[in-house]
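Only one structure is covered here, and it is reproduced in the block below.
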Amino acid sequence: MSEHQPVIGQLLGPDASAELAELMRAELLPKTGQIDYLPPSSTMLSALAALGRVSPELHSALQTAARQGSGLMVRFPPDVTRALQDGTLKLMQSAKGTLPTAVNSSTGKIAAHASLAGGAIGTAGATAGAGAAAGAVAIAALPIVIAGAAAYAQQRQLERSLKEIREAIERIEERLEDADSGVCMAAERFVELVGIAADDGGFTPYLTLELAAQRTAVEALYLARRQWIERFKADLEREQIAREKDKGRGQPWVNFVADAAKSGRLEKELTLYVQALLARTKLGVLAAAMLAEEGRGSTALKLLHEGELELRSQFFDLYNRLKPLATIEPETPLRERVPGLRNRTLEAFDTVKAIAAQLHERVLPSIPNPHEAHEVTAKLSPATVAQLAALAA
């Protein structure tokens, strides 16, 4: 098998959902170059091994990559992720553990059952013979693998795209004194702690508990700040329309915006809102990763999707409102332009420009469109491939 040769895995049996017959592709990765490999947990290894055992094509790809000492990329097409998000594949719970159940979206008939306990996937029962049994194992493993890979990819993307806006916010914070920013700072430090723990063996019960506490605090802060931003946008639009009708020309820095800037409220609220939205998104990705580790892959995918929707819609809407404020300088009286005197309005103008610039250049182009299903990839290192080849043998 040559490098980058596609391998199609027909994981669902002939009696399972026909719409999802082609579930993944695998290709060898080059041995040179910098590759961001997915760090495998025990849950992820177990799920991948289960897929390898029921797919001759993936099994062959693993064995070939292991012999060559190569990494492997497993690609999951967009329709598979969409099926797990929209409920075409549904996962049911019982007192004995997770019961992944394949449900045909049009007929509602159950295609297969499987059980998941302690990271090991095995068939608990099937309704359509061997084909459904193989499909059951795949259904159990797929959400875990896809959600884990998607959470890791989104976390890495957030680190890259939000790094500079985070630095811009930190520079603005030097002028602010507000205890609420401490909530977001604590969340950022927790994210860093989780990164260190991931390199040292993965999630722990303590981290799971702290994540819940961090999410509760950040969610409350975010929703409070979002309420202020929603009122801000409504008042901004109303006064801008009234001013244009009255004077025949537009000026984004209408009276109420200027007043909020002079009091320092505008600068504080915008900064806290962006902080809270960033922290909320990062914590949501961590929660999705932990849900995948617990075998709740479909729930994790839904959480990731909801996070993408909120991040994209809120940032785009905020940018559209800030762009005119960042482009046109506020009208300030001469007495407020005396050198050496602090001018709150001009400081707010600088803040708006900084946030709008970072959104335009770094954040918005990198946010995936949640309305379009996208491929999820899991890049496995040679060491991981060797482990999987042995587990799937």
Side-chain angles (χ1 to χ4, degrees), residues 147 150-152 154-159 161-198 200 202-233 260 264-294 296 299-315 317-318 351 355 358-359 363 367 370:
Y152 178 73
Q154 192 169 121
Q155 182 181 0
R156 300 290 289 180
Q157 181 62 37
L158 285 170
E159 289 174 0
S161 64
L162 303 182
K163 180 177 182 293
E164 292 194 27
I165 193 171
R166 174 67 237 172
E167 292 173 351
I169 291 298
E170 287 175 350
R171 290 194 296 271
I172 296 168
E173 282 176 346
E174 295 177 1
R175 301 197 300 263
L176 301 177
E177 294 181 3
D178 197 303
D180 285 339
S181 64
V183 174
C184 298
M185 292 172 64
E188 292 285 347
R189 292 187 179 183
F190 174 73
V191 171
E192 294 174 2
L193 174 63
V194 172
I196 296 172
D200 192 32
F203 299 122
T204 67
Y206 166 77
L207 291 177
T208 303
L209 288 173
E210 183 169 345
L211 174 61
Q214 294 283 356
R215 289 195 74 204
T216 300
V218 169
E219 189 73 9
L221 176 62
Y222 169 69
L223 292 176
R225 300 283 71 80
R226 192 178 70 174
Q227 282 186 317
W228 190 92
I229 291 294
E230 292 299 327
R231 291 195 299 269
F232 166 78
K233 290 186 293 189
R265 184 72 186 273
L266 176 62
E267 192 175 22
K268 184 186 77 171
E269 292 290 347
L270 284 176
T271 303
L272 283 174
Y273 175 72
V274 173
Q275 275 185 303
L277 181 52
L278 298 183
R280 178 185 189 272
T281 304
K282 291 180 180 180
L283 293 177
V285 173
L286 290 182
M290 290 187 182
L291 284 168
E293 285 294 295
E294 295 174 355
R296 308 297 177 86
T299 304
L301 284 170
K302 288 180 174 65
L303 181 59
L304 287 171
H305 183 62
E306 290 170 0
E308 286 182 352
L309 283 171
E310 185 77 3
L311 183 65
R312 185 179 178 90
S313 63
Q314 292 298 320
F315 266 161
D317 192 43
L318 179 64
T351 296
I355 294 176
Q358 292 298 330
L359 288 174
V363 180
I367 298 176

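Heads up: numbering here begins at 1 and tracks the sequence. Remember, predicted model here, so these are calculated numbers, not experimental data.
- Of the options L291, L309, V285, a side-chain contact (heavy atoms from CB on, under 4.5 Å) to L304 is made by V285 and by none of the others.
- Residue pairs that meet the salt bridge (Lys or Arg N to Asp or Glu O under 4.0 Å) test with at least one member in residues 188-197, sequence neighbours left out, are E188-K282.
- Evaluation of the salt bridge (Lys or Arg N to Asp or Glu O under 4.0 Å) test over residues 203-219, restricted to residues two or more places apart or in two chains, returns E219-R280.
- Closest heavy-atom contact between L283 and A187: CD1-CB, 4.0 Å.
- Here the side chains of L207 and L193 are in contact, with some heavy-atom distance below 4.5 Å.
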Would T299 and L303 count as a side-chain contact (heavy atoms from CB on, under 4.5 Å) if you check the C-alpha gap in whole Å, the side-chain angles of each, and the deciding distance to 0.1 Å? CA-CA 6 Å; T299 304; L303 181 59; 5.7 Å; no
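- Nearest heavy-atom pair across A276 and V218 is O-CG1, 3.8 Å.
- Between R225 atom CZ and L272 atom CG the span is 6.0 Å, to the nearest 0.5 Å.
- Annotation: side chain of L318 is in contact with side chain of Y273 (closest heavy-atom distance under 4.5 Å).
- Note that CG of L266 is 8.5 Å distant from OG1 of T271, once rounded to the nearest 0.5 Å.
- In this structure, E230 CD and K233 NZ are separated by 4.0 Å, a value rounded to the nearest 0.5 Å.
- Atom CG in L311 sits 13.5 Å away from atom CD in E306 (nearest 0.5 Å).
- Between L211 and F203, every side-chain heavy-atom pair lies at or beyond the 4.5 Å cut-off.
- A300 approaches A292 most closely through the heavy-atom pair CB-N, 4.0 Å.
- Annotation: the span from T208 atom OG1 to E294 atom CD amounts to 6.0 Å, rounded to 0.5 Å.
- Within the 4.5 Å cutoff, the side chain of Y222 has no heavy atoms near those of the L278 side chain.
- Looking at E269 and R231, their side chains never come closer than 4.5 Å, going by heavy atoms from C-beta outward.
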